[in-house]
Amino acid sequence: MEKVQGEMEIERWERSEEISDAEKKVIQETWSRVYANCEDVGVSILIRFFVNFPSAKQYFSQFKHMEDPLEMERSLQLRKHARRVMTAINTVVENLNDSEKVSSVLALVGKAHALKHKVEPIYFKKLTGVMLEVIAEEYANDFTPEAHSAWTKMKTLIYTHVTAAYKEVGWAQYPTATL
């Protein structure tokens with residue numbers, strides 16, 4: 001974030017960097033190992049996300065009052081949502097060579113979260129950051145500096161496309177300064 005107008009911090013609209021063919025291959029190879037443990041990794045990501053950013057739980061009536069990570073881990077609703085998140089990411093990863101499909105999938109995710117769930121878009125940036133942390137820790141042998149660089153671009157691609165959908169639907173809670 002950059003400082004603008006005194007102490008007020010405003011997040012600037014981000015643009016994703018082009019992901020090279022070699023980086024796409026690294027992402028897909030890394031992801032194939034991650035996705036083999038789809039539910040467990042997804043649960044780990046969501047638990048860390050909710051522990052680090054407890055305000056995100058406000059959007060989930062089924063587990064917004066859960067504080068204990070073990071209770072979250074046993075929650076069938078959390079596991080179900082983890083599978084949905086991982087399946088959406090899997091669709092993006094599988095279609096990295098089809099930019100229209102990637103845009104379409106992430107636009108659907110963004111629009112649903114903006115219009116139906118009323119989730120603030122900044123949570124996607126936080127979630128993708130947590131996703132990177134968990135993958136890097138749980139798959140440390142696969143997470144080379146090249147993989148980290150490629151996944152950083154992937155994280156930005158997800159966030160950029162999802163937040164573009166917020167802009168497209170005129171997300172009222174999304175401050176215009178961030179667009």
Side-chain angles (χ1 to χ4, degrees), residues 1-3 9-57 59 69 72-73 78-79 81-110 113 119-167 178-179:
M1 292 223 241
E2 65 181 83
K3 294 251 184 186
E9 289 187 20
I10 297 177
E11 178 186 353
R12 290 289 173 206
W13 187 249
E14 295 183 33
R15 295 197 308 192
S16 59
E17 287 183 56
E18 189 71 29
I19 300 175
S20 72
D21 289 342
E23 289 169 325
K24 288 175 186 176
K25 185 177 179 192
V26 167
I27 290 167
Q28 290 169 331
E29 288 172 353
T30 309
W31 184 252
S32 69
R33 289 184 275 291
V34 172
Y35 198 64
N37 299 308
C38 166
E39 188 173 317
D40 290 338
V41 176
V43 168
S44 294
I45 291 167
L46 288 182
I47 289 172
R48 175 148 338 152
F49 177 60
F50 292 136
V51 167
N52 291 353
F53 306 101
S55 61
K57 290 189 293 182
Y59 301 106
M72 287 183 220
E73 186 176 356
L78 189 134
R79 288 189 164 278
H81 193 69
R83 278 192 303 273
R84 276 196 304 265
V85 169
M86 297 297 279
T87 299
I89 295 167
N90 188 59
T91 302
V92 170
V93 170
E94 285 181 344
N95 290 284
L96 280 175
N97 292 314
D98 183 349
S99 60
E100 287 184 25
K101 178 74 172 180
V102 168
S103 293
S104 173
V105 167
L106 295 174
L108 288 172
V109 169
H113 284 80
V119 175
E120 293 176 49
I122 191 64
Y123 285 109
F124 283 94
K125 181 179 246 181
K126 294 175 181 182
L127 178 62
T128 55
V130 169
M131 177 184 74
L132 234 60
E133 288 174 12
V134 170
I135 293 172
E137 289 171 15
E138 293 192 16
Y139 297 87
N141 292 338
D142 298 316
F143 220 72
T144 63
E146 294 80 18
H148 188 272
S149 176
W151 274 98
T152 299
K153 288 182 180 181
M154 177 71 167
K155 173 185 125 175
T156 304
L157 177 136
I158 292 169
Y159 179 71
T160 301
H161 279 75
V162 168
T163 55
Y166 275 75
K167 182 179 178 184
T178 64
L179 303 175

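Every heavy atom of this structure was used, including side-chain atoms; hydrogens, water molecules and symmetry mates were not. Since we're looking at a predicted model, the values are computed, not measured.
To the nearest 0.5 Å, atoms CZ (R84) and CD1 (I89) are separated by 13.0 Å. Here NZ of K125 is found 7.0 Å from NZ of K155. Values are rounded to the nearest 0.5 Å. Between atom CE of residue M86 and atom CE of residue M131 there is a gap of 8.5 Å, rounded to the nearest 0.5 Å. For the atom pair T152 OG1 and M154 CE, the distance stands at 12.0 Å (nearest 0.5 Å). The CZ atom of R48 sits 13.0 Å away from atom CE of M72, with the distance rounded to the nearest 0.5 Å. Considering CD of E146 and OG of S20, their distance stands at 11.0 Å, rounded to 0.5 Å.
Ring pair Y123/H113: centre-to-centre distance not below 6.0 Å.
A side-chain donor-acceptor contact under 3.5 Å links S44 to the backbone of D40. Here the side chain of Q28 pairs a donor or acceptor atom with the backbone of V93 at under 3.5 angstrom. With T128 contributing its side chain and F124 its backbone, the two residues share a donor-acceptor pair below 3.5 Å. Not one N or O on the side chain of T163 forms a donor-acceptor pair closer than 3.5 Å with the backbone of Y166.
Pairing each heavy atom of A150 with each of V26, the nearest pair is CB-CG1, 4.4 Å. Considering all non-hydrogen atoms of both residues, N52 and E133 come closest at ND2-OE1, 4.2 Å. Closest approach of Y59 to V119, counting heavy atoms only: CE2-CA, 3.6 Å. Between I47 and P69, the shortest heavy-atom contact is CD1-O, 3.6 Å. A pairwise comparison of heavy atoms in V130 and F53 identifies CG2-CE1, 3.8 Å as the closest pair. Between A107 and A165, the shortest heavy-atom contact is O-CB, 3.6 Å.
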Where do N37 and Y139 land on the side chain to side chain contact (heavy atoms under 4.5 Å, CB included) test, with the steps shown first?
-> CA-CA 11 Å; N37 299 308; Y139 297 87; 3.0 Å; yes
Side chain to side chain contact (heavy atoms under 4.5 Å, CB included) evaluation trace for E39 with V43 | CA-CA 6 Å; E39 188 173 317; V43 168; 4.3 Å; yes
Pair I45-V85, side chain to side chain contact (heavy atoms under 4.5 Å, CB included): steps then yes or no = CA-CA 10 Å; I45 291 167; V85 169; 5.9 Å; no
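In summary, of the residues considered (N90, N97, T91), a side chain to side chain donor-acceptor pair (under 3.5 Å) with E94 occurs for N90 alone.
For the pair Y159/I122, a side-chain contact is recorded, criterion being any heavy-atom separation below 4.5 Å from C-beta on. Annotation: side chain of V92 is in contact with side chain of L157 (closest heavy-atom distance under 4.5 Å). Side-chain atoms of L127 and L46, non-hydrogen and from C-beta on, do get closer than 4.5 Å to each other. At a threshold of 4.5 Å between non-hydrogen side-chain atoms, the residues L96 and W31 do not count as touching.
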